[in-house]
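Structure, as structure tokens:
All values below come from the heavy atoms of this structure, side chains included, with hydrogens, waters and symmetry mates left out.
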Amino acid sequence: LLIFGIAEFGRMLYQYNALVKSVRDGARFLSVYSSSDTTNYPTHLTEAKCIVVYGNKTCAGSKLVTGLNTTNVTITQPASGTMKMVTVTVTGFNLGYITKYFANNITFGDISNTMRQTQS
């Protein structure tokens with residue numbers, strides 16, 4: 001029982017750290033693009049969601065974290081202010097247990113990262 005608990009805790013930490021890194025990578029990707037480019041920016045938003053979930057811009061291959069979907073990823077920008085910022089957030093991610101006999105699923109809190117965008 002103790003070994004299963006340790007294994008589950010380690011897996012939870014691994015998944016949490018993978019989510020933190022992927023959200024940071026998505027925000028970093030969007031930080032080099034200007035949101036004032038209305039022609040290409042919607043495509044960049046979709047690509048950023050793919051980066052968070054799959055680790056690449058094309059949504060190809062396996063997911064970085066099992067159970068994570070692009071619907072869990074939200075991208076927001078403040079409506080006003082002189083400095084352009086972008087926030088990438090993963091919401092409502094459920095950590096499924098390997099062994100379902102011990103506890104129910106845990107839903108992580110929001111995991112987000114905010115970065116400054118290019119001003120051009």
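The number of heavy atoms from other shown groups lying within 6.0 Å of OH (Y54) is above 12. Around CD1 of I3, the count of heavy atoms belonging to other residues, nucleotides or ligands within 6.0 Å does not exceed 12. Within a 6.0 Å sphere centred on OH of Y41, heavy atoms belonging to other residues, nucleotides or ligands number more than 12.
Between L19 and L68, the closest side-chain pair of non-hydrogen atoms falls below 4.5 Å. Here the side chains of I75 and L30 are in contact, with some heavy-atom distance below 4.5 Å. You'll find the side chain of R28 reaches within 4.5 Å of the side chain of M115, heavy atoms only.
Residues S22 and L64 share a closest heavy-atom pair of CB-CD1, 3.9 Å. Taking both residues in full, the closest heavy atoms of A60 and N56 are given as O-ND2, 2.7 Å, listed atom of the first, atom of the second, then distance. Taking each heavy atom of G26 and A48 in turn, the nearest pair found is O-CB, 4.1 Å.
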For residues 85-95, which side-chain donor-acceptor pairs fall under 3.5 Å, sequence neighbours excluded?
unit_1 : atom_1 : unit_2 : atom_2 : d
T87    : OG1    : T114   : OG1    : 2.8
N94    : OD1    : T107   : OG1    : 2.3

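When atom types are taken as modelled, the side chain of N69 and the backbone of N72 share no donor-acceptor pair closer than 3.5 angstrom. Checking side-chain atoms of Q117 against main-chain N and O of V32 turns up no donor-acceptor pair under 3.5 Å. Side chain of N40 to main chain of H44: no donor-acceptor pair is present (N/O by atom type, distance under 3.5 Å, no hydrogens or angles).
Linking ILVMFWY side-chain heavy atoms closer than 4.5 Å, directly or via other members, places L13 and V20 in a single hydrophobic cluster. Cluster membership check: F9 shares its hydrophobic cluster with I111, using side-chain heavy-atom separations under 4.5 Å among Ile, Leu, Val, Met, Phe, Trp and Tyr.
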Next on the checklist: Please determine whether side-chain contact (heavy atoms from CB on, under 4.5 Å) holds for the pair K84 and S34, giving the CA-CA distance in whole Å, both sets of side-chain angles, and the decisive distance to 0.1 Å.
Outcome noted: CA-CA 8 Å; K84 294 182 182 179; S34 174; 3.5 Å; yes
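Rounded to the nearest 0.5 Å, atoms CZ (R11) and OG1 (T66) are 8.0 Å apart. Here I51 contributes atom CD1 and C59 contributes atom SG; the two are 9.5 Å apart, rounded to the nearest 0.5 Å.
Here salt bridge (charged side-chain N to carboxylate O under 4.0 Å, His left out) pairs that include residues 41-66, with residues two or more places apart or in two chains, number zero.
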